[in-house]
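Just so you know, residue 1 is the first one in the sequence shown, and it goes up from there. Basis for what follows: all heavy atoms, side chains included, without hydrogens, waters or symmetry-related copies.
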Amino acid sequence: MKKMTALFRTSMDELRSVRNLTMVALFGCMSVVMGYFTIQIGDFLKIGFSSIVQQFVYYLFGPGTGMLFAGAMDILKFAVRPTGAFFPGYTLNAMLAAVIYGFFYYRQKISLRRVFASQLVVALVCNVCLGTLWWHMTTTQAQAAFLPVLGVRLGKNLAQWPLNSLLYYGTWEFMERAGVFREIRKHIYTRRV
C-alpha cells in the first residue's frame with residue numbers, strides 16, 4: 001500500500017512542471033481529435049482510438065495525473081460532443097479507470113499480459129459493474145431488470161476486451177520501437193520514487 005501511495009504522489013508531482021502540463025494538454029487534444037475516428041460495429045460494439053491516446057498519459061504520467069486528466073477529458077468531450085445528459089458517475093468511471101491503468105502502466109515494464117490484465121480489470125469494474133449501475137440510475141427504463149442488462153454488458157465487454165488489449169499493446173509497441181516515448185521522456189520532468 002505504501003508503494004502505491006508513493007507512486008500516486010510521484011504521479012501528482014508530475015503536474016508541477018509546465019512541460020508536463022503542456023504535454024498532457026497535447027495528448028488531450030489528440031484524444032479529442034481521435035474520438036472522431038470511432039468505428040461502430042453494430043448497435044453495441046465500437047472501436048475507439050481516443051482511449052489509446054489517453055492510456056499513453058497514464059503510462060507516462062501515472063495514476064494521479066491520469067485521474068485528473070481523465071476527469072477533465074470526460075467533461076471536455078461531453079461539452080464538445082454531448083451524448084445524452086451529463087451524469088457525474090461516468091466521470092467518476094473515467095477517473096477510476098485512469099487510476100487503474102496508471103497503477104498497471106506507470107514506471108512498469110509493459111507486456112501483453114499486463115495490458116490484458118489492466119483492460120480486464122477496467123472492463124469488469126468500470127464498464128460492467130459501475131457502468132451498468134449508472135445506466136440503471138439514469139435511464140427512464142430504470143424498472144428494467146438490472147441483472148439482464150449486466151449480462152449483456154458483460155458479454156459486450158468480454159468481446160471487446162481482447163481487441164482493445166491488442167490495439168493498445170500494438171500501438172504502444174510501435175511507438176516504443178520508433179523511439180517516440182524515449183523522445184517524450186527526454187522533455188518531461190520526472191521525479192524518481
Side-chain angles (χ1 to χ4, degrees), residues 1-35 48-78 88-127 129-131 161 164-193:
M1 191 66 175
K2 282 185 178 181
K3 186 177 179 184
M4 290 176 79
T5 305
L7 200 64
F8 194 86
R9 277 199 195 119
T10 302
S11 172
M12 291 300 287
D13 285 344
E14 301 273 8
L15 288 176
R16 291 183 179 189
S17 163
V18 174
R19 282 184 175 190
N20 292 5
L21 281 172
T22 305
M23 189 64 65
V24 169
L26 287 172
F27 275 111
C29 292
M30 284 189 281
S31 177
V32 169
V33 170
M34 293 302 285
F49 301 102
S50 67
S51 64
I52 294 172
V53 176
Q54 288 182 240
Q55 288 180 53
F56 291 153
V57 171
Y58 316 146
Y59 167 67
L60 291 167
F61 299 101
T65 298
M67 176 187 71
L68 297 176
F69 171 77
M73 287 306 301
D74 186 72
I75 293 167
L76 178 67
K77 284 182 181 182
F78 179 80
Y90 293 115
T91 304
L92 178 68
N93 263 21
M95 294 171 77
L96 179 60
V99 169
I100 293 168
Y101 284 130
F103 281 126
F104 269 95
Y105 298 156
Y106 186 56
R107 297 188 177 183
Q108 302 292 329
K109 182 172 176 14
I110 301 296
S111 66
L112 189 56
R113 180 179 290 187
R114 181 176 291 278
V115 171
F116 266 97
S118 67
Q119 296 281 343
L120 182 64
V121 170
V122 168
L124 293 178
V125 172
C126 298
N127 301 348
C129 295
L130 291 175
W161 166 52
N164 289 343
S165 300
L166 291 172
L167 197 58
Y168 174 74
Y169 183 74
T171 308
W172 174 86
E173 189 171 301
F174 174 79
M175 304 252 313
E176 186 69 29
R177 286 185 182 191
V180 174
F181 293 129
R182 183 175 57 248
E183 285 300 314
I184 290 172
R185 282 190 200 98
K186 283 183 187 177
H187 299 287
I188 61 175
Y189 164 81
T190 50
R191 189 176 150 231
R192 298 290 164 215
V193 179

In Å, rounded to the nearest 0.5 Å, how long is the span from OH of Y168 to CZ of F56?
5.5 Å

Tell me if a side-chain donor or acceptor on S17 pairs with a main-chain N or O of E14 at a distance below 3.5 Å.
no

Measuring from R185:CZ to R182:CZ, what's the distance to the nearest 0.5 Å?
9.5 Å

Nearest heavy-atom pair of P63 and F103: which atoms, and what distance?
CG-CE2, 3.8 Å

Could you walk me through whether L112 and F116 pass the side-chain contact (heavy atoms from CB on, under 4.5 Å) test, one step at a time?
CA-CA 6 Å; L112 189 56; F116 266 97; 3.5 Å; yes

Report yes if some heavy atom in the side chain of V32 is under 4.5 Å from a heavy atom in the side chain of M73; otherwise report no.
yes

Rounded to the nearest 0.5 Å, what separates atom CH2 in W172 from atom CE in M175?
11.0 Å

Take L15 and N20 through the side-chain contact (heavy atoms from CB on, under 4.5 Å) test and state the conclusion after the steps.
CA-CA 6 Å; L15 288 176; N20 292 5; 5.8 Å; no

Is any side-chain heavy atom of R107 closer than 4.5 Å to one of T10?
yes

Distance check, rounded to the nearest 0.5 Å: L166 atom CG versus Q119 atom CD?
9.5 Å

Sequence neighbours left out, what passes salt bridge (Lys or Arg N to Asp or Glu O under 4.0 Å) with E173? Give chain and number order.
R177

Value rounded to 0.5 Å, distance of CZ in F104 from CG in L120:
8.5 Å

Look only at the side chain of S11 and the backbone of L7, and say whether a donor-acceptor pair between them is shorter than 3.5 Å.
no

To the nearest 0.5 Å, what is the distance between CZ on R16 and OG1 on T65?
11.0 Å

I'd like to know if the side chain of T91 reaches the main chain of G71, judged simply by a donor and an acceptor atom lying under 3.5 Å from each other, with no hydrogens or angles considered.
no

side-chain contact (heavy atoms from CB on, under 4.5 Å) with S50: which residues, sequence neighbours excluded?
S31, M34, Q54, K77

Would you say the side chain of F27 lies within less than 4.5 Å of the side chain of L60, judging by non-hydrogen atoms?
yes

Run the ring-ring contact (aromatic ring centres under 6.0 Å, His included) check on F181 and Y59 step by step: do they pass?
CA-CA 10 Å; F181 293 129; Y59 167 67; 5.1 Å; yes

Do the ring planes of Y58 and Y101 sit parallel (below 30°), tilted (30 to 60°) or perpendicular (above 60°)?
parallel

Identify each donor-acceptor pair in which a side-chain atom of residues 92-99 lies under 3.5 Å from a protein atom, sequence neighbours left out, and give them as a table.
| unit_1 | atom_1 | unit_2 | atom_2 | d |
| --- | --- | --- | --- | --- |
| N93 | OD1 | W134 | NE1 | 2.9 |
| N93 | ND2 | C126 | O | 2.8 |

Donor-acceptor pair between S118 and Y105 side chains, under 3.5 angstrom
yes

